[in-house]
S.K.: 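The structure follows.
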Number of protein chains: 4
Amino acid sequence: MFIHYDGPMPQRSPQHHEERRDHILAAALRVFSRDGFQAASMADIIAEAQVSAGSIYRYFPSKADLAAAAGKSVFLPASAPLRQIIESGEVVRPTEAMGRLFAGLIERATAGDTDYTALTVDAWAYAQRDEGLRTELAEVYNGIRNNLHILVTRWRDAGHLPADADTWGLTIALAAVMPGLLLQRQMLGTVDAPAALTAFAVHAGI
Amino acid sequence: MFIHYDGPMPQRSPQHHEERRDHILAAALRVFSRDGFQAASMADIIAEAQVSAGSIYRYFPSKADLAAAAGKSVFLPASAPLRQIIESGEVVRPTEAMGRLFAGLIERATAGDTDYTALTVDAWAYAQRDEGLRTELAEVYNGIRNNLHILVTRWRDAGHLPADADTWGLTIALAAVMPGLLLQRQMLGTVDAPAALTAFAVHAGI
Amino acid sequence: MFIHYDGPMPQRSPQHHEERRDHILAAALRVFSRDGFQAASMADIIAEAQVSAGSIYRYFPSKADLAAAAGKSVFLPASAPLRQIIESGEVVRPTEAMGRLFAGLIERATAGDTDYTALTVDAWAYAQRDEGLRTELAEVYNGIRNNLHILVTRWRDAGHLPADADTWGLTIALAAVMPGLLLQRQMLGTVDAPAALTAFAVHAGI
Amino acid sequence: MFIHYDGPMPQRSPQHHEERRDHILAAALRVFSRDGFQAASMADIIAEAQVSAGSIYRYFPSKADLAAAAGKSVFLPASAPLRQIIESGEVVRPTEAMGRLFAGLIERATAGDTDYTALTVDAWAYAQRDEGLRTELAEVYNGIRNNLHILVTRWRDAGHLPADADTWGLTIALAAVMPGLLLQRQMLGTVDAPAALTAFAVHAGI
DNA sequence: GATGAATGAGGTTTCATTCAT
DNA sequence: GATGAATGAAACCTCATTCAT
């Protein structure tokens, strides 16, 4: 049994542990996205990760933990594009920012052999009965909303919206559009993101 | 030479069959909404329906069929409020119509012992790997969009929108908001529907 | 529900009962020969016979009874050809008689939609654990042996065998050949009956 | 950079696997011979083997596989006595060889707690609807016939049969006798093997 | 730390039979 | 007599998890 490792050479470093964990989680994500959280069996994941049954339980104490970790890793990176824009100080039309966020999601979804879009929808269902994952998800979505609100405010302050515009209302409406677009992609195969966002931009002014 | 048997023929009304089927399906919906499609076991449903194990299979040949029927019955009634408005000829602000639709969903969700909102999110996940249910869902959502477009057009024709307004873009944007609001309710417990729809109404004019 | 009946016209004659029973048994034979005694389900037989579930139990109290009746009806007609020869007084070479018997079996096997050869092998297995069927089978095979012995004796008396020939030994040897030939047909698809019987005839003189 | 794990590696001998498999198969043979292939339940076999339900499926993926393996192990050793005689170079009267073969079958049948004779008849029935087992059986029976033909030829060459004797015909006739004798034992309880084979020997000269 | 064979509760489904109509 | 919906025990098989090596 050989394991690839390219850091320094401690016999059993925490780094080694984390690498192994990531390796297993990546395999789990592939299997989960292919078969769904519940249909995926530990045996499938074990085979995909090329790890022994006993070993996997050293890194994830149960299938539920593995699923939770998978859900977490699905949501976490979602808000990166917005943070990036905020940190750059760029003044961007909020719909444009959301367009980039959505494009990023889709790109990540189709890049490798893990379908993150499918996983996201699965995670929604799973989170309904898993408080930990639900909290995780809530935080991520609140983060997105807060970031989006910053952009909306900035857009108003740049003079593109009236001074008394309902920035929170606009933020909420815009943020609420994302799951719908994502779901549309999964169910219908088509994506109307540009049309929806353009209409937003033209009529609501954001 | 033929003999016709005309002794007492057992009366088996087709109505009875449908009643029994509905009874089982209702029980399944309760269990599915409580535990999720896959975590729910046939034994749970059998217990909830107070039916024998063998009996349930006369009405639904497999658990998958039961799940499909459950999914179907979740989606089907969703679009009723819009159809009602259209048929009444009423000229309603589209955001107002969507507000009613959402309110209807929430009301139905919390009325009995079947949480239809949870079931809807589960069905999204399930549909990703079940073509039949996916088709069903696609039809229902297309129906909603088409109905909504009728209302948007009517709203424009009533002079509330410029003649060259992008009715389809507005429709898509507005329709895409629903899953997000529904999801928000399930994940965060809060509902920003009024805020979101009001913002829409004020800024986009619909 | 129409039942064909062409005797006189009593409302519920014993004859009607027997006809119905035969109809069911014939259906059972078709299903049993197609799927095997145990793999065949009562539902299959019910469907094949176009009879109601309740009705079939009026004629055969259990599946075992139906199987026993089926086995019985498989063995019974087997010995007819030998009896016919004996009654005709014809002096026939015993191997020739066995050839006719075997030909009769094969012909019956392939005539209709009931494969009696397959049923026979199934019945052997079934009879191992069903005393009634085993007794039935024993009687039929003893009958065949006794009849065959008559033919062998007659053949010796006609001067074709030495006066001190072991007629019982020859009978037993010849009778024992039948199951082997039948089995060969079922397993290998080929039939060496002529070769085997000719060799018998040439070398053993019968 | 690769790290080789060289801690204690669990010893899993392939021998252990085969032993366990044989243990399970032996238990299955006992149960199958007692109750028949289909009436025997996996639960029965599991109990007889004193193995867990899950474990048995590691060695035999399905009941059908277990039945096939059982059938195989029933037929395979059947032809050993003939091969032994051939290899010893001994010139034996073919009927004598068949007598030994039959005696061997009966002895094996009654030695332990597995009735191989019953299993053989069950396997015939089973093989009618299982191509794999049918092929297996065909090969074994062809092997027996070929070996028997060698003995018949050898017997002729030793001057005990005329030079132009139909060796194949005699072989086929003699081989066809075995199933009949076996069946007779199972159905009637008696065995006429000596009588039948002696008659063969005296009259047909083999 | 790592392995994978073993576990056994629990999953879905079938099927011979009964009985109210 | 006839019907077929209902029954429920029992069938085969899976799978998350453990533990001796």
Side-chain angles (χ1 to χ4, degrees), chain A residues 1 3 11-12 16-17 20 38-47 51-66, chain B residues 3 5-13 16-17 20 38-46 51-66, chain C residues 1 3 11-12 16-17 20 38-46 51-66, chain D residues 3 5-13 16-17 20 38-46 51-64 66:
Chain A
M1 171 108 279
I3 295 157
Q11 263 297 330
R12 250 148 229 149
H16 171 255
H17 186 270
R20 207 114 205 272
Q38 324 228 21
S41 73
M42 288 302 277
D44 293 337
I45 296 166
I46 284 161
V51 167
S52 73
S55 209
I56 212 167
Y57 281 88
R58 173 164 297 278
Y59 297 91
F60 299 94
S62 74
K63 190 188 174 184
D65 286 273
L66 196 43
Chain B
I3 301 173
Y5 174 71
D6 54 5
M9 273 290 187
Q11 346 288 39
R12 228 162 312 282
S13 63
H16 173 255
H17 186 270
R20 202 109 208 279
Q38 323 222 24
S41 73
M42 288 304 277
D44 293 338
I45 297 167
I46 284 160
V51 166
S52 72
S55 208
I56 212 167
Y57 283 89
R58 171 173 289 275
Y59 297 91
F60 300 94
S62 73
K63 191 188 174 184
D65 285 271
L66 195 45
Chain C
M1 171 108 280
I3 294 157
Q11 263 296 329
R12 249 148 230 151
H16 171 255
H17 187 269
R20 206 111 205 272
Q38 325 228 17
S41 73
M42 288 303 276
D44 294 337
I45 296 166
I46 284 160
V51 167
S52 74
S55 208
I56 211 168
Y57 280 88
R58 172 164 297 278
Y59 297 92
F60 299 93
S62 75
K63 191 187 174 184
D65 287 272
L66 196 44
Chain D
I3 299 174
Y5 173 71
D6 54 5
M9 271 292 187
Q11 344 289 40
R12 229 161 314 279
S13 61
H16 173 256
H17 186 269
R20 203 112 209 278
Q38 322 222 25
S41 75
M42 288 305 275
D44 294 338
I45 296 167
I46 283 160
V51 166
S52 72
S55 208
I56 211 167
Y57 284 92
R58 172 174 288 275
Y59 296 91
F60 300 94
S62 74
K63 192 189 174 183
L66 195 45

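None of the values given here were measured: they were computed from a predicted structure. Note on naming: letters A, B, ... go to the chains in the order of the sequence lines (proteins, then strands), and numbering restarts at 1 for each one.
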S.K.: What string of B, S and - do you get for nucleotides 9-14 of chain F 5' to 3' if you count protein non-hydrogen atoms under 4.0 Å?
M.R.: B-SSBB
S.K.: Output all residues satisfying side chain to side chain donor-acceptor pair (under 3.5 Å) with Ser52(C), sequence neighbours left out; order by chain, then residue number.
M.R.: none
S.K.: Is the distance from OP1 or OP2 of dA5(E) to the nearest side-chain N or O of Ser55(D) less than 4.0 Å?
M.R.: no
S.K.: How many Å lie between CD1 on Ile45(B) and P on dG11(E), as a whole number?
M.R.: 11 Å
S.K.: Taking atom P of dT17(E) as reference, at what distance in whole Å does atom CG of Leu66(C) sit?
M.R.: 10 Å
S.K.: Just to verify, what does Tyr59(C) make a side chain to side chain contact (heavy atoms under 4.5 Å, CB included) with, not counting sequence neighbours?
M.R.: His17(C), Arg20(C), Arg21(C), Ile24(C), Ser55(C)
S.K.: Please state whether the phosphate of dA6(E), meaning OP1 or OP2, lies under 4.0 angstrom from any side-chain nitrogen or oxygen of Ser52(D).
M.R.: no
S.K.: Tyr59(C) has a side chain; which of dA2(F), dA2(E), dA6(E) sits nearest to it?
M.R.: dA2(F)
S.K.: Would you say Arg20(A) reaches dA2(E)'s phosphate, i.e. side-chain N/O to OP1/OP2 under 4.0 Å?
M.R.: yes
S.K.: Using a cut-off of strictly less than 4.0 Å, decide whether Arg58(D) has a side-chain nitrogen or oxygen near OP1 or OP2 of dT7(E).
M.R.: no
S.K.: Using whole Å, report how far NE2 of His17(B) lies from C1' of dT3(F).
M.R.: 15 Å
S.K.: Where the side chain of Lys63(C) meets the backbone of Ser41(C), is there a donor-acceptor pair that is under 3.5 Å apart?
M.R.: no
S.K.: Return the stems involving DNA chain F, sorted by first number, where pairs are Watson-Crick (N1-N3 with N6-O4 or O6-N4) or G-U wobble (N1-O2 and O6-N3), both under 3.5 Å, and runs are 3 or more long.
M.R.: E:2-21 with F:2-21
S.K.: Output all residues satisfying side chain to side chain contact (heavy atoms under 4.5 Å, CB included) with Ala64(B), sequence neighbours left out; order by chain, then residue number.
M.R.: Ser62(B), Tyr126(B)
